[in-house]
Amino acid sequence: MKFALLDVRSGAVGLSGLAERLGSGDASARLDLPGGRRSVALPGGTYAEAFAVIAGALDELGVRGDVGAVGHRVVHGGERFSEPALITPEVLDAVRACVPLAPLHNPANIAGIEAARAAFPHLPQVAVFDTAFHQSMPEVAFRYAVPEAWYRQHGVRRYGFHGTSHAFVAAEAARELGRPLAELTLVTAHLGNGCSVCAVAGGRSVDTSMGLTPLEGLVMGTRSGDVDPGLHDFIARQAGLGLSEVTAALNRESGLLGLSGLSNDMRELEEAAARGHAGARLAVEAFVYRLAKQMAGMAVALGRVDALVFTGGIGENSAAVRGAVLARLGVLGAAVDPALNARAVRGESGRISPEGTLPALVVNTNEELMIARQTQDLLAGLKGAQA
Ligand code: ADP
């Protein structure tokens, strides 16, 4: 569980941190305070202990009374949520109803929400859904060509994820381009351990590469992205695997890791590829190829592309990946300015394409700030409605 105390107006971070290995006997919390970094053991491995550490840190900084709300990232909001929601018992039930769609994520999100409500009972709590931004996708983009009953009865459709990040970088890109978001068509690429691209028209998602689950689409760190749906049956028979073992392998042993046989870490793969490691080279090239293909495909959803946006750990840091992707996207009128592209590595966001070509930007994502902003906007709206 990542956490941060944010000043919504300035974006300043008062404290941040990470609680790791929750649910196990060796859980711990890392706290980054103005005075330095500290690690605290969480012997019970519970969310309640993690929130006690956060509350203690707020007291230590003397700012507990200034906190206005808690915003939670919730992975799956199904078709119910196209906006952030004030967490009420009904909303929590709706998040619970989405557990079958995100069996690994939503139970953890619910546990976090319950612990936060216990730790800060007087504060409003808001859920910001990773899927919500994509609820604007048209039906042609979100429906699978499968029996209709699967959709009606079981919610089998494309939902998309990373919505908070795609929405944030689209707005930042508009600012960078000096044009209103409402007039722009953008292809945004969030490239972290999980990767997805999004077609953003006028600030709304009209298509994205992830689907029912975050497994669809691009080659990712350990996730396969798109495979032939016939693969499950084939490999289950050939390798004597159960369905859940196949799914686990596609989630945890595939992607960059599977292709390279070495690592899921792009930095490590770039270094190994430079030393001549064939698997690493193939993994990076396949990552780039599939990404470029998906980005070009998003042009169909948009009709016209005004700019390309790169973000996430790989998008913000790997000049090599960005350069190779842009080189493959000549079909869209894209090109790379090597000097600008190399400079963007040092955390500067901005343009990496030459004048007169399709603008390509690097934008540093900030999901925590987006969650905080959306939380504040929702509460301000509710207050306005009451007044
Ligand atoms: P998460 O999705 O877990 O938030 P990040 O957005 O931090 O992950 O992205 C992690 C990925 O970013 C890893 O593949 C990592 O290797 C890659 N990355 C980070 N820094 C660099 C770098 N300097 N060059 C290439 N890849 C990098």
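In this text the structure is predicted, and so the values were computed from the model without any measurement. Order of listing sets the numbers, starting from 1, for every ligand and every atom in it.
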Can you figure out which of [options] has its heavy atom closest to [atom]?
atom	options	result
atom 13 (C) of ligand 1	H190, H162, M266	M266
atom 6 (O) of ligand 1	G313, A319, G315	G313
atom 4 (O) of ligand 1	M220, K2, E270, E268	K2

Counting only nitrogen or oxygen atoms and a 3.5 angstrom limit, does I314 reach ligand 1?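 Among all N and O atoms of I314, at least one is under 3.5 Å from an N or O of ligand 1.
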Give the numbers and elements of all ligand 1 atoms closer than 4.0 Å to a heavy atom of S318.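 With S318 as reference, the close atoms of ligand 1 come out as 25 (C).
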Atoms of ligand 1 less than 4.0 Å from G192 heavy atoms?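 The list of qualifying atoms is 2 (O), 5 (P), 6 (O), 8 (O), 9 (O).
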Geometric class of the H166/H134 ring pair [parallel <30°, tilted 30-60°, perpendicular >60°]: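 Perpendicular.
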Over 60° means perpendicular and under 30° means parallel, so tell me whether H72 and F51 are parallel, tilted or perpendicular.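 The rings of H72 and F51 sit tilted, inter-plane angle from 30° to 60°.
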If we count only N and O atoms by modelled type, under 3.5 Å, do the side chains of E216 and Y144 hold a donor and an acceptor together?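 Indeed, the side chains of E216 and Y144 share at least one donor-acceptor pair under 3.5 Å.
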Using 0.5 Å steps for rounding, measure from the OG1 atom of T164 to the CG atom of L369.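 Here the interatomic distance stands at 11.5 Å.
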At what distance, to the nearest 0.5 angstrom, does CD1 of I54 lie from CZ of R64?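 Atom-to-atom, I54:CD1 and R64:CZ are 11.0 Å apart.
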